Amino acid sequence: MASPTQITASTCCYCGVGCGVLIEHDDEKILGVQGDPEHPANFGKLCSKGATLHLTGDLDARGLYPELRLGKGMARARSDWDSALDHAANQFAATIREHGPDSVAFYISGQLLTEDYYAFNKLARALVGTNNLDSNSRLCMSSAVVGYKRSLGADAPPCNYEDIEQSDCLLIAGSNMAYAHPVLFRRLEEAKARRPDMRIIVVDPRRTDTCELADLHLAILPGTDVALFHGLLHILMWEGWIDRAFIDAHTDGFDALKALVRDYSPAMVAELCGISVEDLQSCARMIGSAPSFLSLWCMGLNQSSAGSAKNSALINLHLATGQIGKPGAGPFSLTGQPNAMGGRETGSLSNLLPGHRDAGNAEHRAEVAAYWGVEGLPASTGLTAVELFEAVRAGKIKALWIACTNPAQSLPDQTRVHEALAACPFVVVQEAFFTTETCHYADLLLPAASWGEKEGSVTNSERRVSHVRRAVPAPAEARPDWAITSDFARRLEQLLRPGLPSLFAFDSPEALFEEYKYLTQHRDLDLCGLSYALLDDQGPQQWPFPAGATRGTPRLYGDGRFPTDNGRAQFLAEPYRAPKEKREARFPLTLNTGRLRDQWHGMSRTGTAARLFGHVEEAVLSLHPDELRRRRLQAGDLIQVRSRRGSLVLPVQADKGVRSGQAYLPMHWGDRFLKGLGSNVLTLPACDPLSKQPELKHAGIQVEKAELPWQLFALVEGNVQQRFKALRPLFEGFAYANLTLTGRERPALLIRAAAAAAPDAELLAQIDALLGVDQGPVLAYDDPRRAVGKRVRIEDGRIHSIRLAGETAARDWLKSLWSEGQADADLRRWLLAPLSTPPGTAATSKASKTLCNCLNVSEGAVCAGIERGLDLDGLKQELKCGTSCGSCVPEIKRLLSAAPIAATA
Ligand SMILES: Nc1nc2c(c(=O)[nH]1)N[C@H]1C(S)=C(S)[C@@H](COP(=O)(O)OP(=O)(O)OC[C@H]3O[C@@H](n4cnc5c(=O)[nH]c(N)nc54)[C@H](O)[C@@H]3O)O[C@H]1N2
Ligand SMILES: Nc1nc2c(c(=O)[nH]1)N[C@H]1C(S)=C(S)[C@@H](COP(=O)(O)OP(=O)(O)OC[C@H]3O[C@@H](n4cnc5c(=O)[nH]c(N)nc54)[C@H](O)[C@@H]3O)O[C@H]1N2
Ligand code: SF4
Ligand SMILES: [Mo]
């Protein structure tokens, strides 16, 4: 029986801000979530994603039991944990015996907990004997890892969140923190309101919501950051805004850099970056004259074939101005995933080892091997994410274990990734949601516990370790990741090293943490003073926190000593290199990809909460209005987007925030939501030479109108996950199909599809049956001559489902009738007549877009308020928008600044 409501303090499972949450539950089910006022990352705040966590996780989408496929081509069947893990151990052992340890690989995730990572690390390196252990952090933070290590000597972001608030000048480069790190952005908004003199510069090819807070937005051409940073240094040197004493005392390599940046004159840099010389100079002045200067960056720098060089060129600016190791100063990379940091700490990239060690360093290998009590660790070079999937495709990797990541959606060049997964002899997927694209390829699918259901620890962007607490048990037979991995490892051990004491005698995540932490002893990230008990007692702590310490370390390098061999930081002098795919006649546009405010990656979790689609409902490519005009396209037209690797059909929209010559597509759509392998069918697998991070932000594309006159629109209320699963396969034959959720109190599945001609009647009949418009209280009109048909199911006087075929002009009107719960005489008259166009005026998709998700306020309502002359405070008071989580405030400000100034009375 469920007990009365209880509260468990834990953390949000989304971004690297690492907010503390209070989970309300009854020991069985999660009932609600609130920000934890005591957590030093968020002090009680949550963003639109964190605040809706309890609405996500539909059980119909979750993995509940292990599923096993006994032969390729066969269907998977429900299994039990013993048979499933024994089978996996036999497969891995046989593969290792026959083809060697490097014929297997593990591909894991920045969303695992530190304890999960550690178990995988020991499994791959100590037991299997391979360095083929990489994670999705390769797509995310690996350029920052290289940047910190090369320039400063260790992979450690030196700053903390208060530094952001205290800084006098903030450079935000390639980060849309208004969407991607919202609670930190709220803190920044408040700091800027308190200290309006604080200067904020945003470097981003797009005009994002983050720019709403900026004093200066440099809309540089894609990939030109290195040139920009060298150009800034050129001006800083010329003006004497550098710190010669700091350079002399604490750094090496300045002369070579000086010689390099001499060539980066303001005129040359402005031209190359596509900005004005004045803007470049005022940026340099803001940096050079600020008492403290801090930079924040994210994927706009890291996801680049010059990602490592971009990181180092930015850190150069801090070293040259001595802006590091003091309040409000320093180079501060924002980590994407909640525990990307923990992954780096535990060595979960193929080239790393636990405790910030390197797999390529014999001394480091010997230290870890001795601690683990094994003879040695593998010296062979491990494969990095893109290389790894290429090796799978080439047949070199024959058994692949994937945990907590969805590579069949998130890696570049999806055609090849899908080929690789299809070809791999044995694929294990350890997943919380069995709906993902990758699950389709699993020979063994293992249900994992997820948010609120597991215990362990995570480190956020500011090196702060939190204790993640379990609130409720996992559903059905799902198990926490550390337990699955350790259980498998124990079975594999019996086959590979029988008779020896177990390396995996862990009975709790705490046991893993206690073993792991001593691998950090006396190293830059020393965690030895931490324990679950201490974190419970004193709250989240920042590393290093060595044994005997009484408090964590808020800031690094205050003494000017760096963890390099000689204690000095290193300037790096590397020239600007252009992105891999140059603009050319055949592919004249550069495709940029990134985040939406309310979705998380492949949407396995956020995609179960209909209201999170209220802000952006469908995959749409954004182009500047001039580019639309040039191609004779209208907003809403379906277009065919092609890159050198693949193509995709989807609608286009006008967006003045995207410059001519560029295009923007959110990264979230995979093959499940958008037919055609999703956004990453277009992106390229070219990587940075050092970090091996792929260039996910600059693919060459072309677009042209897709002539698909036969269109379909469907909406059906209730059982959305089951209906999704049943309906999605029926849309394989359509050139375009986008499936999404809509609604708030009554979630519905929404489908838009298009084809060159009508599909056969049987397929349409199958679709109708699943929509419930084939029989019962259904109003129908069919004109077979024009292949046009409309059906609406009405229950209890309200629309329950809709299907329009052939022609869909009335879709927005019908959808608004559905959402208002109406089924009036107009509807009946229209339905039973040959007319296609709607009798009433429909709310445009813009008007119905939900700006404020907490209070359910539409863009239409906000715009109407602005027309009436309301300012931000007025809008907040009257409509209540922006008064809860605040995630919509930057967008409201943007609408306000775009509106003509209301005439004063
Ligand atoms: N809502 C939401 N939040 C998230 C996530 C999510 O899925 N959804 N994911 C989390 C994760 S894992 C990550 S890594 C972070 C990512 O966080 P961000 O990096 O902030 O997000 P992105 O939208 O990927 O990219 C940021 C910006 O880089 C810009 N950009 C593109 N090319 C260039 C360039 O050449 N130079 C510069 N300077 N900028 C460029 C893009 O226009 C974009 O606005 O977000 C985290 N937070
Ligand atoms: N085009 C383009 N592509 C990109 C990016 C981009 O900007 N543009 N960004 C890249 C970046 S920075 C990142 S980080 C990646 C993210 O890419 P992915 O890692 O593929 O993203 P997610 O969808 O978050 O995948 C995490 C999976 O883990 C599952 N899961 C959740 N909780 C648990 C758990 O506790 N245990 C287990 N076992 N599973 C769980 C979720 O259901 C989900 O399927 O995408 C990359 N891909
Ligand atoms: S900012 Fe939002 S998504 Fe990120 S940790 Fe906080 S609540 Fe979660
Ligand atoms: Mo990421």
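Keep in mind that the numbers below use all heavy atoms, side chains included, and drop hydrogens, waters and symmetry copies. One-based numbering, in listed order, for ligands and for the atoms of each. These numbers were taken from a predicted model, which means no experiment stands behind them. Position 1 is the first residue of the sequence; numbering continues from there.
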(request) Inspect the contact between K454 and D481 and indicate whether a charged nitrogen and a carboxylate oxygen are less than 4.0 angstrom apart. (result) yes
(message) If I apply the N/O under 3.5 Å rule, does T208 come out as touching ligand 1?
(response) no
(message) If the cut-off is 4.0 Å to any non-hydrogen atom of G223, which atoms of ligand 1 fall inside it?
(response) 34 (C), 35 (O)
(message) Salt bridge check, R470 against E453: does any charged N sit closer than 4.0 Å to a carboxylate O?
(response) no
(request) Compute the ring centroids of W451 and F433, then answer whether they are less than 6.0 Å apart. (result) no
(message) Once you measure the plane-to-plane angle for W401 and F106, does it fall in the parallel (<30°), tilted (30-60°) or perpendicular (>60°) bin?
(response) tilted
(message) One thing to verify: whether E212 and R207 come together as a salt bridge, which I'm taking to mean a side-chain N less than 4.0 angstrom from a carboxylate O.
(response) yes
(message) Less than 4.0 Å is my threshold; does some heavy atom of L596 fall inside it relative to ligand 1?
(response) yes
(message) Out of all atoms in ligand 1, which are within 4.0 Å of some heavy atom of D204? Include the element for each.
(response) 27 (C), 28 (O), 29 (C), 41 (C), 42 (O), 43 (C), 44 (O)
(message) With respect to I220, determine whether any N or O atom, backbone or side chain, lies less than 3.5 Å from an N or O atom of ligand 1.
(response) no
(message) With side chain to side chain contact (heavy atoms under 4.5 Å, CB included) as the test, pick out the partner of L112 among F120, W482, Y118.
(response) F120
(request) Show which atoms of ligand 1 fall inside a sub-4.0 Å distance from at least one heavy-atom site of P222. (result) 35 (O)
(request) Report the relative orientation of the aromatic rings in F673 and F613; use parallel for angles under 30°, tilted for 30 to 60°, perpendicular for over 60°. (result) tilted
(request) May I ask you to check whether F185 and Y179 place their ring centers less than 6.0 Å from one another? (result) no
(request) Can you tell me which residues line ligand 2 if we count any heavy atom under 4.0 angstrom from one of its atoms, in chain and number order? (result) Q111, N136, L139, C140, M299, Q303, Q337, C404, T405, N406, S410, Q430, E431, A432, F433, T436, A448, A449, S450, K454, D481, T593, R595, W600, H601, G602, S604, M667, N680, T683, L696, K697
(message) Could you tell me if the side chain of D225 sits less than 4.5 Å from the side chain of V203, heavy atoms only?
(response) yes
(request) Would you mind telling me if ligand 1 is within reach of the side chain of T224, the backbone, both or neither, using heavy atoms under 4.0 Å? (result) neither
(message) Show me which atoms of ligand 1 lie under 4.0 Å from any heavy atom of K49.
(response) 1 (N), 2 (C), 3 (N)
(request) Using a strict cut-off of 4.0 Å, indicate which atoms of ligand 1 neighbour a heavy atom of H698. (result) 32 (N), 33 (C), 34 (C), 35 (O)
(message) Counting only heavy atoms closer than 4.0 Å, does ligand 1 sit against the backbone of N176, its side chain, both, or neither?
(response) both
(message) Quick test of your reading of the model: are R728 and D671 salt-bridged, counting only N-O distances below 4.0 Å?
(response) yes
